[in-house]
Each structure stands twice: as C-alpha cells, then as structure tokens.
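As the structure is a computational prediction, the values presented were derived from the model and not from experiment.
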Amino acid sequence: MNTDELKQALKLMIIEECDKEDDFEVGDITDDEPLFGRQSKLDLDSLDALQISMAVLSQHRTRIEGGKEGRIAFASISALAEYIEKNHD
C-alpha cells in the first residue's frame, strides 16, 4: 500500500471507528489538519484515540505508545501514516 492509499484507509478507519459516518466522508478530512484539539473539526476525544490505536494495531500491526510519541503520531493523517510506515512490525 503506498502512502496515499494508506492515508485514505486511515481516514476511513477513523470515520468508522469513531462513529463519524453521519458527520464526515473521507474527502472531508485533509491530510494535514489536526486530528485532536480545539482546531480539529473531528471532535475526537481520548476514547477515540484509544479506538484508533487499537485499530492501527489490528489493521497495520503498529503499536502507538502514549505520551509524546502518541501526540506526534496523532497530529494529523500525514503524521499517522508516517508513524505507521516507520514503525510497522
């Protein structure tokens, strides 16, 4: 899977895992917008982060640790894709 395909798959995964199907489509999420925080339109919380982490582990065999490492990975779709590509088991 190339990087663009991975980013599209991650967007779909986030929408599905976080029950945002009624609010967003894949095309509504840009690669570099924040996933969490006040500037995020997705309105994700810590439970969503856990669900995304578990889905990434299951689907991409990549564990996302907490703390600084997790904040870096969850900065955006681009950051998450880069993290998966670098840390894939």
Side-chain angles (χ1 to χ4, degrees):
M1 177 179 302
N2 70 38
T3 302
D4 288 333
E5 291 170 338
L6 176 58
K7 289 177 183 179
Q8 294 304 309
L10 290 171
K11 291 174 187 180
L12 181 60
M13 180 195 70
I14 289 170
I15 289 169
E16 290 175 348
E17 291 294 325
C18 300
D19 296 321
K20 301 290 184 179
E21 293 97 328
D22 294 338
D23 304 316
F24 298 99
E25 295 180 7
V26 170
D28 295 332
I29 304 170
T30 64
D31 293 346
D32 296 314
E33 72 182 75
L35 295 178
F36 292 89
R38 286 187 219 134
Q39 296 181 357
S40 173
K41 67 182 175 194
L42 297 173
D43 194 33
L44 301 176
D45 60 22
S46 58
L47 182 57
D48 293 318
L50 179 59
Q51 288 179 266
I52 295 166
S53 295
M54 297 303 293
V56 167
L57 180 60
S58 173
Q59 296 176 23
H60 301 284
R61 296 187 317 270
T62 303
R63 180 179 305 278
I64 300 173
E65 300 296 334
K68 184 179 180 182
E69 186 174 307
R71 285 191 298 277
I72 291 169
F74 286 132
S76 66
I77 292 293
S78 292
L80 186 55
E82 181 178 327
Y83 184 87
I84 291 169
E85 288 173 338
K86 286 183 179 178
N87 296 285
H88 180 72
D89 289 338

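How far CD1 of Ile77 is from CD of Glu82: 13.0 Å, rounded to the nearest 0.5 Å. Residue Glu25 holds its CD atom at 11.0 Å from CG of Leu12, rounded to the nearest 0.5 Å.
Ile14 pairs with exactly one of Asp48, Leu35, Val56, Val26 by the side-chain contact (heavy atoms from CB on, under 4.5 Å) rule, that one being Leu35.
Looking at Gln51, its side chain does come within 3.5 Å of a backbone N or O of Glu17 through a donor-acceptor pair. A side-chain donor-acceptor contact under 3.5 Å links Ser40 to the backbone of Pro34. Under a 3.5 Å cut-off, the side chain of His60 and the backbone N or O of His88 do not form any donor-acceptor pair.
Under the 4.0 Å criterion applied to side-chain N and carboxylate O atoms, Asp28 and Lys11 are not assigned as salt-bridge partners.
Heavy atoms from other residues, nucleotides or ligands lying under 6.0 Å from CD of Gln59 number more than 12. Around the CD atom of Gln39, the shell of radius 6.0 Å holds no more than 12 heavy atoms that belong to other residues, nucleotides or ligands.
No chain of hydrophobic side-chain contacts below 4.5 Å, direct or via other Ile, Leu, Val, Met, Phe, Trp or Tyr residues, connects Ile72 to Leu44. Neither Ile84 nor Met54 shares a network with the other; the hydrophobic side chains, linked directly or stepwise wherever heavy atoms of I, L, V, M, F, W or Y lie under 4.5 Å apart, form separate groups for each.
Residues Phe74 and Ser53 share a closest heavy-atom pair of CZ-OG, 3.3 Å. In terms of heavy atoms, Ile52 sits closest to Met13 at CG2-CE, 3.9 Å. Residue Asp45 comes nearest to Phe36 through the heavy atom pair O-CE2, 3.3 Å, listed as atom of the first residue, atom of the second, then distance. The minimum heavy-atom distance between Ala81 and Lys7, with the atom names listed, is CB-CG, 3.9 Å. Nearest approach of Glu85 to Thr3, heavy atoms of both residues: OE2-OG1, 2.6 Å.
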Problem set entry | Chi angles and distances behind the side-chain contact (heavy atoms from CB on, under 4.5 Å) call for Ile64, Leu57 | CA-CA 8 Å; Ile64 300 173; Leu57 180 60; over 6 Å; no

